[in-house]
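Read through the structure below, which is laid out as structure tokens, and then see the notes.
Owing to the predicted nature of the structure, the values given are computational and were not obtained by experimental measurement.
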Amino acid sequence: MNFLLTASGLRNETLRDALRDMLGKPFGSANVVFVPTASVAEPGDHGWFVADMNRLHGLGWREFDVLELNGLPRQMVLDRLLHADVIYVEGGNHYHLARSITGNGLADGFLEALENRVYVGVSAGSMIFSRHLTGHSADVIGDTTDLHVLGATTVEPPFGLFDWYLKPHLYSPDFPERDDAWADRIAARADFPIYFIDDETAVRVRDGKVDVISEGRWRFHP
């Protein structure tokens, strides 16, 4: 399985080059499926969503598909994932995304699709693979509001592949509270490893090996 877990998408050439390398062929010879599910649970202006989708589309794919995980037959969703070379899962509310995967019985089929494809996560899309995506981590991180707005108090990790947790948008001007002091407070409370990454960084997982690629800044607390 190959993962490129970003905070804000393919914002720089280092991240785009990493994806080309993982894909092993030009973007123009590959199909991408864009999954917007997490974004629909996020309130307010969605200019960030439009900008990221346009940035991705502008890379010149052979086929650019858009796939919502809710409301379609399960097999249709899985077939569309299998048709893609790159599965690109947008940001928004990571709890809504996780609940959409588990609630629609997609986890096993999603993992099967990932065996031979490249997964690119953006923010929420990068957060759903930790086994620590639970009500406990919501309390530790301080984002229980994002869970409660869904009318939920618990969440089940859909995959549980990684022992570490990823928190995006460190130092981001769109999230001015996410500075070193914010990361320090979370790290002091956490009983699990955490990567904090800024908008120019990604955690890359290739065949079980984890590294960080970046044109920005990041922190890891084991």
Side-chain angles (χ1 to χ4, degrees), residues 1-39 48-69 77-78 80-92 94 97 101 109-130 158-159 161-162 164-172 174 195-218 220:
M1 294 185 182
N2 293 306
F3 300 86
L4 190 65
L5 304 177
T6 78
S8 291
L10 304 171
R11 292 271 296 255
N12 57 61
E13 196 60 36
T14 297
L15 299 180
R16 292 189 287 271
D17 285 346
L19 178 56
R20 287 189 190 95
D21 179 60
M22 297 169 82
L23 183 58
K25 58 183 175 182
F27 296 146
S29 300
N31 298 336
V32 64
V33 60
F34 179 88
V35 179
T37 299
S39 70
W48 58 271
F49 169 85
V50 175
D52 192 51
M53 184 169 64
N54 285 338
R55 182 165 49 236
L56 179 67
H57 182 264
L59 295 179
W61 304 90
R62 178 175 60 193
E63 180 178 298
F64 187 96
D65 189 16
V66 177
L67 175 64
E68 168 56 45
L69 300 183
V77 172
L78 298 180
R80 300 260 292 274
L81 293 175
L82 290 169
H83 182 66
D85 301 291
V86 175
I87 298 171
Y88 189 100
V89 179
E90 186 55 85
H94 53 299
L97 177 58
I101 292 168
F110 215 112
L111 283 178
E112 179 183 345
L114 292 178
E115 289 179 3
N116 297 298
R117 286 155 189 85
V118 181
Y119 180 96
V120 179
V122 179
S123 192
S126 295
M127 300 172 69
I128 57 174
F129 293 95
S130 176
F159 305 113
L161 293 183
F162 307 140
W164 42 268
Y165 195 94
L166 186 149
K167 191 63 179 172
H169 308 304
L170 183 65
Y171 312 125
S172 172
D174 295 324
Y195 284 94
F196 296 95
I197 64 172
D198 75 359
D199 292 343
E200 305 293 333
T201 299
V203 177
R204 177 173 56 186
V205 184
R206 302 186 74 172
D207 301 320
K209 297 180 180 179
V210 182
D211 66 350
V212 177
I213 53 176
S214 179
E215 289 190 12
R217 295 178 289 174
W218 57 279
F220 176 64

Pick out which of Val33, Asp85, Val86 makes a side-chain contact (heavy atoms from CB on, under 4.5 Å) with Trp61. Val86
Does anything in residues 116-129 form a salt bridge (charged side-chain N to carboxylate O under 4.0 Å, His left out)? List the pairs, not counting sequence neighbours. none
For the residue pair [X] and [Y], establish whether any side-chain heavy-atom pair is separated by less than 4.5 Å.
{"X": "Met1", "Y": "Leu111", "value": "yes"}
{"X": "Leu10", "Y": "Leu4", "value": "yes"}
{"X": "Glu200", "Y": "Arg217", "value": "no"}
{"X": "Val120", "Y": "Leu15", "value": "no"}
{"X": "Val210", "Y": "Phe220", "value": "no"}
{"X": "Asp52", "Y": "Arg55", "value": "yes"}
{"X": "Tyr88", "Y": "Leu56", "value": "yes"}
{"X": "Ile128", "Y": "Phe159", "value": "yes"}

Strictly distance-based, threshold 3.5 Å: is any side-chain N or O of [X] a donor or acceptor partner for the main-chain N or O of [Y]?
{"X": "Asp199", "Y": "Ser8", "result": "no"}
{"X": "Tyr119", "Y": "Val89", "result": "no"}
{"X": "Glu215", "Y": "Asn12", "result": "no"}
{"X": "Thr6", "Y": "Gly121", "result": "yes"}
{"X": "Asp198", "Y": "Tyr171", "result": "no"}

Which is it for Val212 and Tyr195 under the side-chain contact (heavy atoms from CB on, under 4.5 Å) test, yes or no, and what are the steps along the way? CA-CA 9 Å; Val212 177; Tyr195 284 94; 3.7 Å; yes
Counting neighbours of NZ on Lys209 that are heavy atoms of other residues, nucleotides or ligands and sit closer than 6.0 Å, is the number greater than 12? no
Which heavy atom of [X] sits nearest to which heavy atom of [Y], and what is that distance?
{"X": "Ala30", "Y": "Lys25", "result": "CB-CE, 4.0 Å"}
{"X": "Thr14", "Y": "Ser214", "result": "CG2-N, 4.4 Å"}
{"X": "Leu97", "Y": "Gly125", "result": "CD2-CA, 3.8 Å"}

Non-neighbouring partners of [X] that pass ring-ring contact (aromatic ring centres under 6.0 Å, His included), sequence neighbours left out:
{"X": "His83", "value": "none"}
{"X": "Phe162", "value": "Phe3, Trp164"}
{"X": "Phe49", "value": "Phe34"}
{"X": "Tyr165", "value": "Phe192"}

Gap between atom [atom2] of [Y] and atom [atom1] of [X] - 0.5 Å precision:
{"X": "Leu69", "Y": "Thr37", "atom1": "CG", "atom2": "OG1", "result": "3.5 Å"}
{"X": "Arg206", "Y": "Met22", "atom1": "CZ", "atom2": "CE", "result": "5.5 Å"}
{"X": "Phe110", "Y": "Leu78", "atom1": "CZ", "atom2": "CG", "result": "9.0 Å"}
{"X": "His94", "Y": "Ser123", "atom1": "NE2", "atom2": "OG", "result": "8.5 Å"}
{"X": "Leu23", "Y": "Ser29", "atom1": "CG", "atom2": "OG", "result": "8.5 Å"}

Show your reasoning for whether side-chain contact (heavy atoms from CB on, under 4.5 Å) applies to Ile87 and Leu114. CA-CA 8 Å; Ile87 298 171; Leu114 292 178; 4.0 Å; yes
Excluding sequence neighbours, so at least two apart, what forms side-chain contact (heavy atoms from CB on, under 4.5 Å) with Arg20? Glu13, Arg16, Asp17, Phe27
